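Below is one structure. I have some questions about it.
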Amino acid sequence: MTYILNLETATKNCSVSISQHGKTILCKEIAESGYSHAERLHVFIEECLKESNITFKDLSAIAVSQGPGSYTGLRIGVSTAKGLCFALDLPLIAIDTLQVLASQLTITEGVIIPMIDARRMEVYSAIYNSNYEKTREVQAQILTKNSFLEIAETIHFVGDCSEKAKTVLTNSNFIFHEEIVYPSANEMSELSFKKFQDSNFEDVAYFEPYYLKDFMTTVSKK
């Protein structure tokens with residue numbers, strides 16, 4: 001049996017799932033404005049294992065959402081995943097946070113643009129086709145009325161910044177799926193299993209979250 005523990009902490013949503021052969025068998029999560037990940041994450045892990053009737057010894061790998069996202073959230077998730085991998089001698093799998101978010105939506109035409117709120121009018125985004133294949137790499141960008149105008153197809157937006165994005169992204173081919181707000185460990189199950197099958201693992205000692213740190217720097221007004 002291939003059991004994988006999936007951890008998603010890149011946003012306000014603290015999410016944990018247990019998957020078996022790529023299918024989620026149990027998921028626990030909560031989204032709180034106070035980022036209670038440090039308190040909730042280990043509790044959710046223990047509860048998921050107990051309610052799934054498995055132990056740490058039954059796990060085949062640990063998967064973690066690699067970012068981009070909240071600095072604090074990512075640090076908590078990655079440090080927990082690495083600690084478990086070291087202690088249990090398990091492989092570490094890293095999953096693109098924006099791909100996890102995009103995977104919550106099924107479309108037959110157009111593209112999916114998952115967006116994670118950064119600050120003010122700034123977002124982290126990428127572009128995926130209907131098969132969840134990335135057609136534009138992750139970028140940190142400032143939304144303006146000219147953003148994404150070069151895309152003629154229908155654009156499906158998901159993520160936690162729909163409210164502010166709708167104030168400038170007003171083209172008729174823009175569709176906002178406001179019910180899809182945060183990435184979830186539930187959607188990590190299939191993605192992590194595929195990487196497990198391909199032995200696509202990270203170096204536990206050197207793996208770091210994908211922060212897009214250069215985007216967070218500011219220029220002095222002096």
Side-chain angles (χ1 to χ4, degrees), residues 1-32 35-70 72-106 112 114 116 128 132 158-160 177 179-202 204 207 209-210:
M1 294 291 182
T2 303
Y3 291 106
I4 298 177
L5 174 65
N6 302 286
L7 310 179
E8 166 55 68
T9 60
T11 64
K12 293 178 181 178
N13 194 33
C14 180
S15 182
V16 175
S17 74
I18 300 289
S19 62
Q20 181 182 13
H21 295 301
K23 302 294 183 183
T24 299
I25 59 176
L26 187 65
C27 181
K28 287 183 176 287
E29 58 190 353
I30 188 170
E32 295 180 323
Y35 282 96
S36 60
H37 299 23
E39 295 80 20
R40 300 279 189 174
L41 185 58
H42 289 279
V43 174
F44 284 170
I45 292 172
E46 292 177 2
E47 290 178 348
C48 282
L49 289 170
K50 183 178 181 180
E51 293 176 30
S52 300
N53 295 314
I54 65 173
T55 69
F56 283 114
K57 293 181 179 180
D58 297 312
L59 296 175
S60 301
I62 309 290
V64 67
S65 179
Q66 69 179 7
S70 157
T72 300
L74 288 170
R75 288 304 303 173
I76 292 171
V78 169
S79 61
T80 298
K82 291 175 68 171
L84 288 172
C85 288
F86 273 122
L88 302 170
D89 192 24
L90 292 175
L92 174 66
I93 298 170
I95 305 296
D96 186 330
T97 301
L98 289 170
Q99 186 178 16
V100 175
L101 183 55
S103 297
Q104 294 186 52
L105 182 68
T106 300
I112 303 172
I116 293 177
Y128 296 85
Y132 308 113
V158 295
D160 63 353
H177 298 266
E179 73 280 6
I180 301 175
V181 181
Y182 300 117
S184 169
N186 184 57
E187 277 69 43
M188 291 178 66
S189 297
E190 183 177 353
L191 299 172
S192 61
F193 184 59
K194 286 180 179 178
K195 284 200 168 187
F196 180 83
Q197 289 179 306
D198 295 336
S199 297
N200 189 350
F201 305 134
E202 303 295 328
V204 178
F207 176 73
Y210 183 38

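Not measured: the values here are computed from a predicted model. Side-chain atoms are counted along with the backbone in the values below, which use heavy atoms only and exclude waters and symmetry mates.
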CD1-CG distance between I62 and L84, expressed to the nearest 0.5 angstrom =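 So the CD1 of I62 and the CG of L84 are separated by 5.0 Å.
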Y182 vs E8, side-chain contact (heavy atoms from CB on, under 4.5 Å): CA-CA, chis, key distance, verdict = CA-CA 10 Å; Y182 300 117; E8 166 55 68; over 6 Å; no
task = Using the side-chain contact (heavy atoms from CB on, under 4.5 Å) rule, take T106 and Y132 through it: C-alpha gap first, then chi angles, then the decisive distance, then the call.
result = CA-CA 9 Å; T106 300; Y132 308 113; 3.6 Å; yes
task = State whether the side chain of E29 and the backbone N or O of S17 hold a donor-acceptor pair below 3.5 Å, judged by distance alone.
result = no
inquiry  = Within the 4.5 Å heavy-atom criterion, are S65 and I95 side-chain neighbours or not?
reply    =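 Answer no - side chains too far apart.
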request  = Nearest 0.5 Å please: distance from the CD1 atom of I54 over to the CG atom of L59.
outcome  =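 Those atoms lie 5.0 Å apart.
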task = Check for a donor-acceptor pair, side chain of D58 on one end and backbone N or O of T55 on the other, with a separation under 3.5 Å.
result = yes
Shortest non-hydrogen contact from T9 toward G73 =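 Of all heavy-atom pairs spanning T9 and G73, the closest is OG1-O, 2.6 Å.
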ask   = Can any side-chain N or O of S52 pair as donor or acceptor with the backbone N or O of L49 at less than 3.5 Å?
value = no
message = Working to the nearest 0.5 angstrom, can you tell me the gap between L74 CG and T97 OG1?
response =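 One finds 6.0 Å between CG of L74 and OG1 of T97.
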query = Is there side-chain contact between V64 and F207, with at least one heavy-atom pair below 4.5 Å?
reply =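 Yes, their side chains come closer than 4.5 Å.
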ask   = Any chance CD of Q20 has more than 12 other-residue heavy atoms, nucleotides or ligands included, within less than 6.0 Å?
value = yes
Separation of I112 CD1 from Q99 CD (nearest 0.5 Å) =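 It is 10.5 Å, given to the nearest 0.5 Å.
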request  = Please tell me if the side chains of I30 and R40 come closer than 4.5 Å, counting only heavy atoms from C-beta onward.
outcome  =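 In contact.
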message = Quick check against the 3.5 Å criterion: does Y210 have a side-chain atom that pairs as donor or acceptor with the backbone of D96?
response = no
task = For the pair N6 (side chain) and A63 (backbone), establish whether a donor and an acceptor sit closer than 3.5 Å, ignoring hydrogens and angles.
result =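 Between the backbone of A63 and the side chain of N6 there is no qualifying donor-acceptor contact (under 3.5 Å).
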key: Heavy-atom pair with the smallest gap, counting every atom of V78 and P209   = CG2-CG, 3.5 Å
request  = Give, for atom CG of D160 and atom NZ of K12, the distance between the pair rounded to the nearest 0.5 Å.
outcome  =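 D160 atom CG to K12 atom NZ measures 7.0 Å (nearest 0.5 Å).
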inquiry  = On a heavy-atom basis, which atom in P183 and which in L101 lie closest, and how many Å separate them?
reply    =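 For P183 versus L101, the nearest heavy atoms are N-CD1, 3.7 Å.
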query = Between I25, N53, I45, T24, which is the residue that forms a side chain to side chain contact (heavy atoms under 4.5 Å, CB included) with I18?
reply =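 Passing option: I25.
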inquiry  = For a quick test of reading the model, state the closest non-hydrogen atom pair linking V100 to E187 and the distance between them.
reply    =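 Distance-wise, the nearest heavy atoms are O-CB, 3.7 Å.
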note = Note: Q104 and S184 closest approach over all heavy atoms is NE2-N, 3.8 Å
inquiry  = Is it true that, when you exclude D89 itself, more than 12 heavy atoms of the residues, nucleotides or ligands shown sit nearer than 6.0 Å to its CG?
reply    =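 No, not enclosed.
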key: Backbone N/O of I4 and side chain of S60: donor-acceptor pair under 3.5 Å   = no
query = Checking H37 side chain against T11 main chain: does a donor-acceptor pair fall under 3.5 Å?
reply = yes
message = Once rounded to the nearest 0.5 Å, what's the spacing between atom CD of E190 and atom OG of S103?
response =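 It is 7.5 Å, given to the nearest 0.5 Å.
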request  = Locate the shortest heavy-atom distance separating I93 from S192; write the atom from each residue and the value.
outcome  = CD1-O, 3.5 Å
ask   = Pairs in or reaching into residues 74-83: which pass salt bridge (charged side-chain N to carboxylate O under 4.0 Å, His left out), with residues at least two apart or in two chains?
value =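 Qualifying pairs, neighbours excluded: R75-E208.
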